[in-house]
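As structure tokens, the structure follows; a few thoughts come after it.
Every value quoted in this text rests on a predicted model; they were computed, and no experiment measured them. Letters A, B, ... mirror the listed sequences (proteins, then strands); counts begin at 1.
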Amino acid sequence: MINAGELRKNTKLMIEGEPYVMLEVQFVKPGKGVAFYKCKMRNLMTGSLLERTYRSGDTFEPATLEEKKMQYLYAQGDEYYFMDVKTYDQVMLTAEAVGDATEYLIDNLEMDILFFENKAIGITLPNFVELEVTQADPWVKGDSVAGDSKPVTLQTGMVIQVPPFVEEGAIIQVDTRTRAYVTRVKK
Amino acid sequence: MAGRKQLQTRADLLFHIRRFFRSQGFLEVETPIRIPAPIPEAHIDAVPSLDWYLHTSPESCMKRLLSQGYEKIFQICRVFRAEELGARHLPEFTMLEWYRTGADYNQLMTDCENLLAFCLESMPDKDPLVYQGKRIDASSPWRRESVSDAFRKYAGASIEKALETDRFDEIMAFEVEPALGLDPVFLYDYPIEKAALARPKPEDPNLAERFELYIGGMELANAFSELVDPVVQAERFKKEEEERVQAGKKPYPSNEKFLHALETMPPSAGIALGVDRLAMLFAGAADIAQISAFTPEEL
């Protein structure tokens with residue numbers, strides 16, 4: 001059991017039979033009064049947000065989630081298929097469960113797939129993914145009008161801001177947590 | 001983690017608080033931090049230390065000093081409260097407490113006004129206080145609102161109904177406190193159930209002579225006209241202990257020496273003020289971490 005006082009960011013808990021991850025806990029306590037925990041949580045199955053206020057003494061069932069290393073195979077419509085690199089078992093995730101991670105899905109990319117009661121419910125991307133620039137305006141040396149960055153399109157269709165010297169065909173590293181350009185990768 | 005500027009503000013405040021109380025004829029005392037029997041309060045949990053506890057407030061020892069004939073005493077010390085951690089809470093923080101014999105909570109309200117005025121005079125670059133981008137009008141006298149009026153005005157609720165439905169703390173925390181504004185305000189006269197160490201109001205025994213001071217929307221201090229009846233105090237402790245046990249908490253050993261001291265304690269008033277929050281106010285900090293050298297996560 002998890003006590004309300006132990007709720008922290010990233011705590012995974014069960015609410016009405018569904019797993020949630022804690023996004024934010026605000027501790028509110030009138031000096032002599034009972035402690036309240038104003039919580040913002042995300043449903044790990046549906047992605048929907050839930051705001052609730054709990055009080056000291058409330059307890060929660062921890063959500064037991066399992067993570068497996070898997071490889072991205074392909075997408076068919078709204079279905080995304082992944083393969084366990086050890087057992088070759090395949091699982092499917094809906095576009096909804098994959099969410100914004102579709103921007104990083106390239107063939108053979110390895111990541112953690114989150115399971116709840118043996119059902120795949122979400123993915124945890126590696127912090128950095130390497131992607132190819134498929135469309136970029138050419139860089140004109142000394143062009144000060146263009147500024148410090150320019151938009152480019154990556155192989156997955158994702159558009160991000162990069163330094164002006166990054167050209168078409170380059171492989172760049174992107175931080176999946178911030179969606180930001182990190183560096184150019186030497187081939 | 002605080003920067004040098006914030007730590008300087010904190011140090012200046014501690015210095016001027018001491019100057020203020022010494023100039024008013026108060027004796028600074030230090031009482032033990034490790035004690036065998038914390039005061040039982042339903043919603044404050046002491047941190048165990050070997051077979052004793054770290055104090056949650058120096059209250060019991062300071063009141064024992066009053067019963068020994070000290071008339072005006074103050075203390076600045078670290079206190080410990082288990083599991084209190086948030087933007088305005090740390091499990092270890094700095095408390096300023098002061099006690100006066102022959103006085104009631106009205107005198108303490110005046111003390112608060114004088115203390116803040118003294119600190120602002122001594123730190124003219126902080127005058128006027130600006131908190132969350134808004135200027136605070138700290139000129140005396142400060143606004144005074146009874147808890148009963150505040151519940152009606154800000155929450156459309158009566159304290160009787162709130163107590164009946166066990167929603168008193170909830171309404172206080174989420175409806176009343178956010179509506180108080182930033183200027184200093186005293187909320188006074190709490191229901192007797194919510195003031196285990198305060199004396200009942202002579203004209204209404206359902207109310208206790210307790211007040212809380214809010215500045216910048218933050219609860220800054222809690223004060224009582226002290227209860228000095230050992231029999232009533234023992235009954236109230238029993239009730240608080242029962243609530244603790246019901247919540248699955250370990251009961252504290254009874255504090256017979258404290259109860260005994262009440263027999264000779266003159267009518268008095270006492271107050272506890274959170275120094276960290278005062279420093280937040282002076283430093284314009286939204287989070288207590290910003291005025292603390294280290295938070296638990298940084299250790």
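Between the side chain of B/Glu226 and the main chain of B/Gly270, a donor-acceptor pair closer than 3.5 Å is present.
Contact count against chain A (heavy-atom pairs under 4.5 Å) is highest for B/Glu170 among B/Arg88, B/Met172, B/Lys249, B/Glu170.
Neither the backbone nor the side chain of B/Asp45 comes within contact range of chain A, judged by heavy atoms closer than 4.5 Å. Proximity to chain A (any heavy atom under 4.5 Å) is restricted, for B/Glu41, to the side chain, taken from C-beta onward. At a 4.5 Å heavy-atom cutoff, the contact between B/Glu177 and chain A is made by side-chain atoms alone. When heavy atoms are compared at a cutoff of 4.5 Å, B/Phe174 approaches chain A solely by way of its side chain, counted from C-beta outward.
Residues B/Tyr53 and B/Phe80 have side chains not in contact (no heavy-atom distance under 4.5 Å, counting atoms from C-beta outward).
Taking the six-membered ring where tryptophan is involved, the planes of B/Phe186 and B/Phe211 are perpendicular, since the angle between them exceeds 60° and thus also 30°. Using a 30° and 60° split on the angle between ring planes, B/Tyr105 and B/Tyr188 fall in the perpendicular class, above 60°.
Because its NZ or CZ atom is not both nearer than 6.0 Å to the ring centre of B/Phe258 and within 45° of the ring axis, B/Lys63 does not count as a cation-pi partner of that residue.
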